[in-house]
Amino acid sequence: MSESLEDLRSQITEISLELVRLLNERAAIALKIGAAKRKQGHSNLYDPIREAKLLKQLLEASEGPLADDALAHLFKEVFKTSLALQVEDAHKQLLVESKRATAVHIGPVSFGEAPVIIAGPCAIETEEQITEIFAFLSGLDVQIVRAGAFKPRTSPYDFQGLGIDGLKMASRIAKQYGLLLVSEIMDADSLEEALPYLDAVQIGARNMQNFSLLKAAGAINKPIILKRGLSATIEEFTLAAEYIVASGNDQVILCERGIRTFETATRNTLDISAVAILKERLELPIIVDVSHAAGRKDILLPLAKAGIAVGGDGIMIETHPQPSIALSDAQQQLNMTEFASFYRELKKFINEVKK
Ligand SMILES: O=C(O)C(=O)C[C@]1(C(=O)O)C=C[C@@H](O)C=C1
């Protein structure tokens with residue numbers, strides 16, 4: 001007995017409704033695939049090989065009456081639609097804005113809880129200098145030290161750093177005192193060689209948009225301290241961090257270190273609003289480098305307090321056994337007596353804020 005037109009229409013309506021449900025279910029999964037691809041650092045959401053494979057499988061499974069061409073046409077539209085959804089979703093929320101699964105750590109030190117103080121000389125100069133300052137800092141209970149081996153200097157005639165040999169020496173002495181070492185790496189090529197000697201890699205202000213270095217930093221499993229570029233907007237700073245996270249490394253700590261303005265009383269202008277805004281917007285910890293922001297010694301403590309007061313997760317500061325003979329940044333590094341007083345006062349402030 002032939003089915004009535006009404007019956008057939010009701011069947012086709014049922015199937016269409018089921019197709020709508022299935023297409024939406026499929027789209028929801030495509031969105032999850034897009035997010036997983038971004039998390040793994042895939043720079044391209046479009047995957048023609050995957051599409052071709054799946055299409056082949058679908059055509060092989062088809063028993064007609066739809067012709068292969070018709071089916072292929074329909075599914076290419078489906079793929080195009082899920083890709084468009086994935087792209088739209090990627091622009092809606094950056095990885096650095098989404099809830100983190102893991103906290104950011106340098107060794108056992110966790111960022112985002114109690115503020116962390118990272119201190120040390122601008123540059124690694126001699127074995128005696130590093131031994132003296134690291135022994136002093138470990139005596140104060142500082143856990144993470146900074147010291148530069150590759151120095152990005154404005155003038156090619158200024159001290160350029162001791163390079164990998166300096167880093168090896170500083171790493172050995174840091175270990176001897178149970179300290180964790182952070183140092184700046186300037187290019188992707190040096191990263192691999194330097195990695196065994198570092199507990200965290202610093203990407204400096206001048207390299208904030210060195211995209212090959214950002215991608216290389218995303219491919220390692222050591223934490224990255226990313227400093228804000230001298231003239232970078234908050235958006236550019238955010239996207240630089242997104243490069244690292246999208247390339248596979250979510251262990252990123254931002255560092256506000258002052259930006260270039262018309263003001264000459266300080267070396268740079270500490271952008272305290274940026275700290276508050278980034279804390280509110282992103283799921284990444286942010287620390288404040290008071291030495292590079294100020295370029296002078298006398299206002300470091302109030303700047304550090306301000307950084308903590310607006311929600312900063314830590315402070316970076318330069319200290320040297322004999323600042324007057326330092327090979328770089330002589331005017332902004334604290335001597336050990338000055339640092340001990342800074343450290344004591346800042347700790348006191350941190351404890352008061354916690355109450
Ligand atoms: O499998 C993937 O990688 C997807 O992103 C899903 C999907 C799809 O809709 O099937 C979407 C876009 C890609 O170009 C390939 C396939």
Side-chain angles (χ1 to χ4, degrees), residues 9-104 188 191-192 203 209-224 226 235-252 254 281-284:
R9 285 207 167 138
S10 126
Q11 283 177 41
I12 220 161
T13 304
E14 279 308 306
I15 291 172
S16 303
L17 288 169
E18 184 63 4
L19 275 175
V20 169
R21 196 189 61 72
L22 287 172
L23 282 170
N24 276 315
E25 198 175 313
R26 187 185 195 286
I29 295 171
L31 278 171
K32 285 190 191 165
I33 293 178
K37 285 203 268 197
R38 287 187 337 254
K39 196 155 189 204
Q40 283 178 17
H42 290 254
S43 49
N44 205 347
L45 291 163
Y46 175 51
D47 187 343
I49 296 172
R50 165 70 186 151
E51 288 189 13
K53 247 188 188 162
L54 180 55
L55 196 57
K56 185 165 175 275
Q57 198 180 345
L58 296 172
L59 297 185
E60 277 167 10
S62 168
E63 293 173 353
L66 276 177
D68 279 4
D69 272 3
L71 206 55
H73 176 74
L74 283 172
F75 267 93
K76 282 194 171 156
E77 283 302 311
V78 171
F79 297 149
K80 209 157 86 183
T81 314
S82 33
L83 183 63
L85 265 181
Q86 291 174 341
V87 170
E88 195 189 301
D89 192 48
H91 288 140
K92 226 188 300 167
Q93 197 178 38
L94 297 173
L95 293 168
V96 291
E97 290 169 338
S98 52
K99 268 264 158 285
R100 305 179 56 79
T102 52
V104 180
L191 193 58
E192 204 177 323
I203 295 182
Q209 285 189 318
N210 176 342
F211 298 113
S212 50
L213 179 58
L214 296 177
K215 285 183 191 168
I220 63 171
N221 63 358
K222 286 244 165 103
I224 309 295
L226 177 66
E235 182 67 9
E236 287 162 345
F237 191 20
T238 301
L239 290 171
E242 181 75 7
Y243 257 94
I244 303 173
V245 178
S247 306
N249 186 354
D250 72 353
Q251 294 289 295
V252 178
L254 301 174
R281 268 210 212 151
L282 308 189
E283 288 296 323
L284 295 178

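Both counts, for ligands and for their atoms, begin at 1 and track the order of listing. Since we're looking at a predicted model, the values are computed, not measured. Heavy-atom basis, side chains included; hydrogens, waters and symmetry copies ignored.
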> Spell out, as yes or no, whether a donor-acceptor pair under 3.5 Å connects the side chain of Gln251 to the backbone of Ile224.
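No, Gln251 side chain to Ile224 backbone: no donor-acceptor pair under 3.5 Å.
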
> Kindly tell me which protein residues have any non-hydrogen atom under 4.0 angstrom away from an atom of ligand 1, grouped by chain and ordered by number?
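Arg26, Ile33, Lys37, Leu45, Tyr46, Asp47, Arg50, Glu51, Leu54, Phe79, Ser82, Gln86.
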
> For Lys53, give me all partners under side chain to side chain donor-acceptor pair (under 3.5 Å), at least two apart in sequence or on another chain.
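So Lys53 forms no side chain to side chain donor-acceptor pair (under 3.5 Å) with any residue.
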
> Under the salt bridge (Lys or Arg N to Asp or Glu O under 4.0 Å) rule, collect the residues that match up with Lys76, sequence neighbours excluded.
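With neighbours one apart ignored, the set is empty.
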
> Is atom NZ of Lys215 surrounded by more than 12 heavy atoms (other residues, nucleotides or ligands) closer than 6.0 Å?
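Atom NZ in Lys215 is not crowded, with 12 or fewer foreign heavy atoms closer than 6.0 Å.
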
> Sort and list the pairs that fulfil side-chain hydrogen bond (donor to acceptor under 3.5 Å, both in side chains) and have at least one residue in residues 54-64, not counting sequence neighbours.
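Passing the test, one end in residues 54-64: Lys56-Glu60.
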
> Establish, from distance only, whether the side-chain atoms of Ser247 and Asn249 form a donor-acceptor pair under 3.5 Å.
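No, no side-chain donor-acceptor contact under 3.5 Å.
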
